[in-house]
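Only one structure is covered here, and it is reproduced in the block below.
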Amino acid sequence: MTIRSTKLGLAALLATTLSATAFAQSASETDLTAQSKAEASSETRIGATEVPETLNELMSDLGGDGVAIPTGEITEDTEVTILTLGDLESDEADRSAALDNALARAQTSLDMLQTQVDGSDVLTNALEEDGFTSDNVLGVYQDTDGSVTMLIDDRA
């Protein structure tokens with residue numbers, strides 16, 4: 001009788017161990033899948049690709065698509081255009097607080113963009129010619145022909 005109950009006990013222990021191992025492996029794979037998805041969603045998005053025409057479009061881009069970051073090579077012969085916030089169309093309402101909030105939420109992406117701008121002599125020189133620094137840059141939009149438009153915060 002003891003042998004039989006020992007065999008039964010060992011079988012139950014073995015079954016429990018195997019199912020716990022399978023469950024742990026399944027949970028581990030799920031954790032890894034969730035982790036890789038989280039890492040993918042936290043990667044830098046390239047962001048908006050079209051130059052905004054209005055202040056509302058800019059704020060929408062900052063809240064949705066993200067900061068415009070160039071992906072192509074910027075060579076010495078790249079045509080660079082400077083566009084300021086003052087150049088964007090705006091409705092009559094004062095949107096400075098809403099814009100400041102949108103910029104604050106996008107600050108990490110803006111910091112990465114501004115660091116990238118600092119690494120480009122072409123962009124830095126274009127900024128300096130107009131009296132700006134990379135700290136003023138809100139977006140760098142690269143067109144299919146290679147030309148670049150930099151959106152600048154020209155507010156005092």
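- Here the side chain of S134 pairs no donor or acceptor atom with the backbone of T115 at under 3.5 angstrom.
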Q: Could you please spell out the steps behind the side-chain contact (heavy atoms from CB on, under 4.5 Å) verdict for L85 and L58?
A: CA-CA 9 Å; L85 283 179; L58 171 63; 3.4 Å; yes
Q: Applying side-chain contact (heavy atoms from CB on, under 4.5 Å), run through V137 and L123 and close with a yes or a no.
A: CA-CA 10 Å; V137 178; L123 298 179; over 6 Å; no
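- Under the side-chain contact (heavy atoms from CB on, under 4.5 Å) criterion, T54 pairs with N56, E57, E89, not counting sequence neighbours.
- Proximity of V67 to L62: side-chain heavy atoms (C-beta onward) are separated by under 4.5 Å at one or more points.
- Here the side chains of V122 and V148 are not in contact, with every heavy-atom distance at 4.5 Å or above.
- Applying the salt bridge (Lys or Arg N to Asp or Glu O under 4.0 Å) test to residues at least two apart or on different chains, the pairs with a partner in residues 100-125 are D100-R155.
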Q.
Under the criterion side-chain contact (heavy atoms from CB on, under 4.5 Å), I'd like the reasoning laid out for L103 against D153: C-alpha separation, chi angles, the key distance, then a yes or no.
A. CA-CA 10 Å; L103 292 172; D153 188 347; 4.1 Å; yes
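- Taking CE from M112 and CD from Q107, the interatomic distance works out to 11.0 Å, rounded to the nearest 0.5 Å.
- Looking only at side-chain heavy atoms (C-beta outward), L138 and L113 stay at 4.5 Å or farther from each other.
- The side-chain hydrogen bond (donor to acceptor under 3.5 Å, both in side chains) analysis of residues 72-85, with sequence neighbours excluded, yields the pairs T75-D77, T75-T78, T84-D87, T84-D154.
- Between P52 and L88, the shortest heavy-atom distance links the atoms O-CD2, 3.1 Å.
- Scanning for side-chain hydrogen bond (donor to acceptor under 3.5 Å, both in side chains) contacts around S147 gives D145, with sequence neighbours left out.
- Under the side-chain contact (heavy atoms from CB on, under 4.5 Å) criterion, N136 pairs with F132, T133, I152, sequence neighbours left out.
- In this structure, L83 and T149 approach most closely via the heavy-atom pair CB-CG2, 3.9 Å.
- Nearest approach of M59 to A102, heavy atoms of both residues: CG-CB, 4.4 Å.
- Annotation: salt bridge (Lys or Arg N to Asp or Glu O under 4.0 Å) contacts involving residues 130-143, sequence neighbours excluded, are absent.
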